[in-house]
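Heads up: the structure comes next, in structure tokens.
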Amino acid sequence: MPHYRAPVDDTLFLLNDVLGFHSRDNLAGFADASPDVVEAVLREGAKLAEEVLAPLNRAGDLEGCRRDADGSVRTPTGFKAAYDAYAKGGWMGLSVPEEFGGQGLPHTLNTAMQEFASGANLALGMYPGLTQGAMAALLVHGTEQQKALYLPRMVEGAWTGTMNLTEPHCGTDLGLLKTKAVPNGDGSYSLTGTKIFISAGEHDLAENIVHLVIARIEGAPAGTKGISLFVVPKILVNPDGSLGARNGVSCGSLEHKMGIHGNSTCVMNYDGATGWLVGQENRGLNAMFVMMNEARLAVGVQGLGQSEVAYQNAVAYAKERLQGRALTGAKAPDKAADPILVHPDVRRTLMQIRAFNEAARALMLWTALQADILHRSEDAKERQTADDHLGLLTPVVKGVLTDRGFANAVDAQQLFGGHGYIEEWGMSQFVRDARIAMIYEGANGIQAMDLIGRKLPKDGGRAMMTFLSEVQTFLKDYGEDPAMAPFTLPLQAGLNDLQGAVMWLMQNAFSKPDNAGAGATDFMHLFGLVALGYMWARIAKAAHARNAEEVSPRWSAKLTTGRFFMERMLPETSLRLARIKAGAESTMALADEAF
């Protein structure tokens, strides 16, 4: 039976020792997040993930969701009680302002909790995760009336939220959407159209579902310039907050999909459904991008969550499974064979996953902290730097963490041999569930194109220059420390490769855009490797400091894992750079009919 243990201690180490979380008392909500409070919050969140969410993961995958003839959807047995426990624990509104019923704590803590929920039960964790994204969009772009009407009930968990973008004929190219909105003359609109792939679109976990839907108002410009965003509740809400009549929105069918079976992925039909404009007319993407960017970061967290749970189960199996003898002689002579953990290739696989997970967690929390700075700091320059960071790193977190998360789940499955292919061991579910994260909220190729085409040149490359400068400053500060040499020297090499890629693209991509397209994914992963390497360098600095205070196997293991990343994983930057410099000629040379 698969198991999961939330990485609380590692999260606390990253927050306390690596990222300087508790030095941010100048930010709203941080003064209330004392070290004791943070630890208590994370340990309670871990308890919920381990004892309530995780036990339902495999059962939910086997049972799946069911749509009844009337269009209602039943989630797997036990999901409703688990969701109620999540909601009643206050987790939905952990970082929502207190005026709407939330706790106002840092978003960084909510991000850590998202990892715990994603690792324990990805399908179930998506229901509150989508609600939090919808709340984020309403907080920024909703009217005061909309916020007062919807947010308290969503924070409470009585209502959930969704995002409705994709249509049968258009995915990423949202300018092609056909869903239309017709003014009713009273400030509301009548929406008609069909959306597909809508996660948590219909279910039995909450009494109402608040859909955020993009549509085109009659007469609006074609393309993305004519898109507006609407709030469309499943059940209409009266001015006093009570529920009224059923709205004209329904689940036409459930998608039959590869994984996340416990989440209801729906085809949603809008048949003259009543909705209200969120934000400005024809500026819907600006409002929706708040939710989309929140979702992209959350999906990166999902990739990490699946990588972590797959790793934990692979380690347990590698310690128990007896197969062959160690190359250097029997390690368990009293047994018929040695545990497969003794074999170098098995350890290589586990070390690759472990080294990724620890650095990815740091990158995830570092980026979440920038979101807190952006929304809570009173310093305009500090907010701008944080905004630059989020814009630049969001496609990297989404793309790299989900690509590697899936690959790590596959590698962990491989260690089980034939047992990994058998459903009862649970590894195939991790692989199937992890696969969607590379696709939704913008497929990873789109993330790479966004990074190289929009984020890299934005504001004259200011965000990238800031990142490069920060890493270079770290290397200058600690490059003379012999203890840090195993980290600073490889990081400098990786940084040189990243700078080389940026320069090559500047010289070769603007005049020949195909060069950018052909090298986009390699650039995203090169950047990701350097960002993860920078995290490992900062982790190593903190681990050395802790080890100087109290020698512990924990810190030596941390440093060994970091050295493995620097020696065995970070050098991949040179391969990525070579691919980028190859350009697009061979990629684009074949005539279309030759394929």
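Starting from 1, each residue takes its place in the sequence as its number.
Side chain of N269 to main chain of T194: no donor-acceptor pair is present (N/O by atom type, distance under 3.5 Å, no hydrogens or angles). Checking side-chain atoms of D433 against main-chain N and O of G259 turns up no donor-acceptor pair under 3.5 Å. Looking only at distances, no side-chain donor or acceptor of K234 sits under 3.5 Å from a matching main-chain atom of G201. S469 places no side-chain N or O within 3.5 Å of a backbone atom of M465 that could act as its donor or acceptor partner. A donor-acceptor pair is defined here as one N or O able to donate and one able to accept, closer than 3.5 Å; no such pair exists between the side chain of N515 and the backbone of A509. Between the side chain of H343 and the main chain of Q323, a donor-acceptor pair closer than 3.5 Å is present. Within the 3.5 Å criterion, the main-chain N or O of T179 finds a donor-acceptor partner in the side chain of E167. Under the 3.5 Å distance criterion, the side-chain polar atoms of R404 are left unmatched by any main-chain donor or acceptor of I353. Using a distance-only test at 3.5 Å, with no hydrogens or angles considered, no donor-acceptor pair links the side chain of T265 to the main chain of I198.
A pairwise comparison of heavy atoms in C251 and G71 identifies CB-O, 3.6 Å as the closest pair. The two residues T402 and M438 make their nearest non-hydrogen contact at O-CG, 3.5 Å. A134 and G161 make their closest contact through CB-CA, 4.1 Å (heavy atoms, listed as atom of the first residue, atom of the second, distance). Residues S190 and G272 come closest through the heavy atom pair OG-CA, 3.2 Å. For A355 against F564, the heavy-atom pair with the smallest separation is CB-CD2, 4.2 Å. Of all heavy-atom pairs between K195 and I214, the closest is NZ-O, 2.9 Å.
Atoms CE and OG1, from M126 and T131 in turn, are 11.0 Å apart once rounded to the nearest 0.5 Å. In this structure, CG on D387 lies 8.0 Å from NE2 on H375, to the nearest 0.5 angstrom. With values rounded to the nearest 0.5 angstrom, I196 atom CD1 is found 9.5 Å from H169 atom NE2. The distance from atom CD of E358 to atom CD1 of I539, rounded to the nearest 0.5 Å, is 6.5 Å. Note that the CG atom of L468 and the OG1 atom of T473 stand 10.5 Å from one another [nearest 0.5 Å]. In this structure, E470 CD and Y534 OH are separated by 3.5 Å, a value rounded to the nearest 0.5 Å.
Side-chain contact between L165 and F197 is absent, with no heavy-atom pair separated by less than 4.5 Å. Side-chain contact between R58 and Q429 is present, with heavy atoms from C-beta onward closer than 4.5 Å. Using a 4.5 Å cut-off on side-chain heavy atoms (C-beta onward), L277 and L229 make no contact. Side chains of L401 and F356 form a contact here, defined as non-hydrogen atoms less than 4.5 Å apart. Side-chain contact between N57 and F430: present, with at least one pair of heavy atoms (C-beta onward) separated by less than 4.5 Å. H389 is listed as a side-chain neighbour of W366, based on a closest heavy-atom distance under 4.5 Å. You'll find the side chain of Y311 stays beyond 4.5 Å of the side chain of N408, heavy atoms only. By the 4.5 Å heavy-atom criterion applied to side chains, L304 and L363 are not counted as neighbours.
Using the six-membered ring where Trp is involved, Y127 and H203 have ring planes that are perpendicular, over 60° apart on the 30 and 60° scheme.
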Sequence neighbours left out, cut at 3.5 Å: what donor-acceptor pairs do the side chains of residues 450-463 make with other protein atoms?
| unit_1 | atom_1 | unit_2 | atom_2 | d |
| --- | --- | --- | --- | --- |
| D450 | OD1 | R454 | NH1 | 3.4 |
| D450 | OD2 | K455 | NZ | 2.9 |
| K455 | NZ | G391 | O | 3.2 |
| D459 | OD2 | R462 | NH2 | 3.2 |
| R462 | NE | D388 | OD2 | 2.8 |
| R462 | NH2 | D388 | OD1 | 3.1 |
| R462 | NH2 | D388 | OD2 | 3.4 |

Listed pairs under 3.5 Å, donor-acceptor, residues 411-421 side chains, sequence neighbours left out:
| unit_1 | atom_1 | unit_2 | atom_2 | d |
| --- | --- | --- | --- | --- |
| Q413 | NE2 | G420 | O | 3.0 |
| H419 | ND1 | W425 | NE1 | 3.3 |

Considering only distance and modelled atom types, tabulate donor-acceptor pairs under 3.5 Å from the side chains of residues 517-533, sequence neighbours left out.
| unit_1 | atom_1 | unit_2 | atom_2 | d |
| --- | --- | --- | --- | --- |
| D522 | OD1 | R576 | NH1 | 2.8 |
| D522 | OD1 | R579 | NH1 | 3.2 |
| H525 | NE2 | D403 | OD2 | 2.8 |

Expected list for residues 286-302: side-chain donor-acceptor pairs under 3.5 angstrom, two or more places apart:
| unit_1 | atom_1 | unit_2 | atom_2 | d |
| --- | --- | --- | --- | --- |
| N293 | ND2 | F289 | O | 3.2 |
| R296 | NE | E441 | O | 3.0 |
| Q302 | OE1 | Y440 | OH | 2.5 |

Under 3.5 Å, which donor-acceptor pairs link side chains of residues 488-495 to any protein atom two or more places apart or in another chain?
| unit_1 | atom_1 | unit_2 | atom_2 | d |
| --- | --- | --- | --- | --- |
| T488 | OG1 | M484 | O | 3.2 |
| Q492 | OE1 | Q472 | NE2 | 3.0 |
| Q492 | NE2 | Q472 | OE1 | 3.4 |
| Q492 | NE2 | N496 | OD1 | 3.0 |

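Side-chain atoms of N444 and K398 include a donor-acceptor pair closer than 3.5 Å. For Y270 and N164, the side-chain atoms include at least one donor-acceptor pair closer than 3.5 Å.
Using a 4.0 Å cut-off between charged side-chain N and carboxylate O, R361 and E115 make a salt bridge. With salt bridges taken as basic N to acidic carboxylate O contacts below 4.0 Å, none links R67 and E202. Salt-bridge formation is detected for the pair R348/D345: a Lys NZ or Arg NE/NH1/NH2 atom is positioned less than 4.0 Å from an Asp or Glu carboxylate oxygen.
Within a 6.0 Å sphere centred on CE of M588, other residues, nucleotides and ligands contribute 12 heavy atoms or fewer. Surrounding CG of L327 are at most 12 heavy atoms belonging to other residues, nucleotides or ligands under 6.0 Å away. Heavy atoms of other residues, nucleotides or ligands lying less than 6.0 angstrom from CD of Q280 number 12 at most. With a 6.0 Å radius and a threshold of 12 heavy atoms from other residues, nucleotides or ligands, R283 has its CZ atom at or below the threshold. Heavy-atom contacts from other residues, nucleotides or ligands closer than 6.0 Å to CZ of R66 number more than 12.
E423 meets the salt bridge (Lys or Arg N to Asp or Glu O under 4.0 Å) test with R432; sequence neighbours excluded.
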Under the side chain to side chain contact (heavy atoms under 4.5 Å, CB included) criterion, do M268 and V249 qualify, and how do the steps go? CA-CA 7 Å; M268 299 300 297; V249 54; 3.7 Å; yes
Please determine whether side chain to side chain contact (heavy atoms under 4.5 Å, CB included) holds for the pair L138 and L212, giving the CA-CA distance in whole Å, both sets of side-chain angles, and the decisive distance to 0.1 Å. CA-CA 9 Å; L138 288 172; L212 291 185; 4.2 Å; yes
Check the pair F487, R563 against side chain to side chain contact (heavy atoms under 4.5 Å, CB included), reporting the backbone distance first and the verdict last. CA-CA 7 Å; F487 300 91; R563 282 202 343 266; 3.9 Å; yes
Show the numbers, then the answer: is there a side chain to side chain contact (heavy atoms under 4.5 Å, CB included) between L350 and V315? CA-CA 7 Å; L350 292 174; V315 167; 3.9 Å; yes
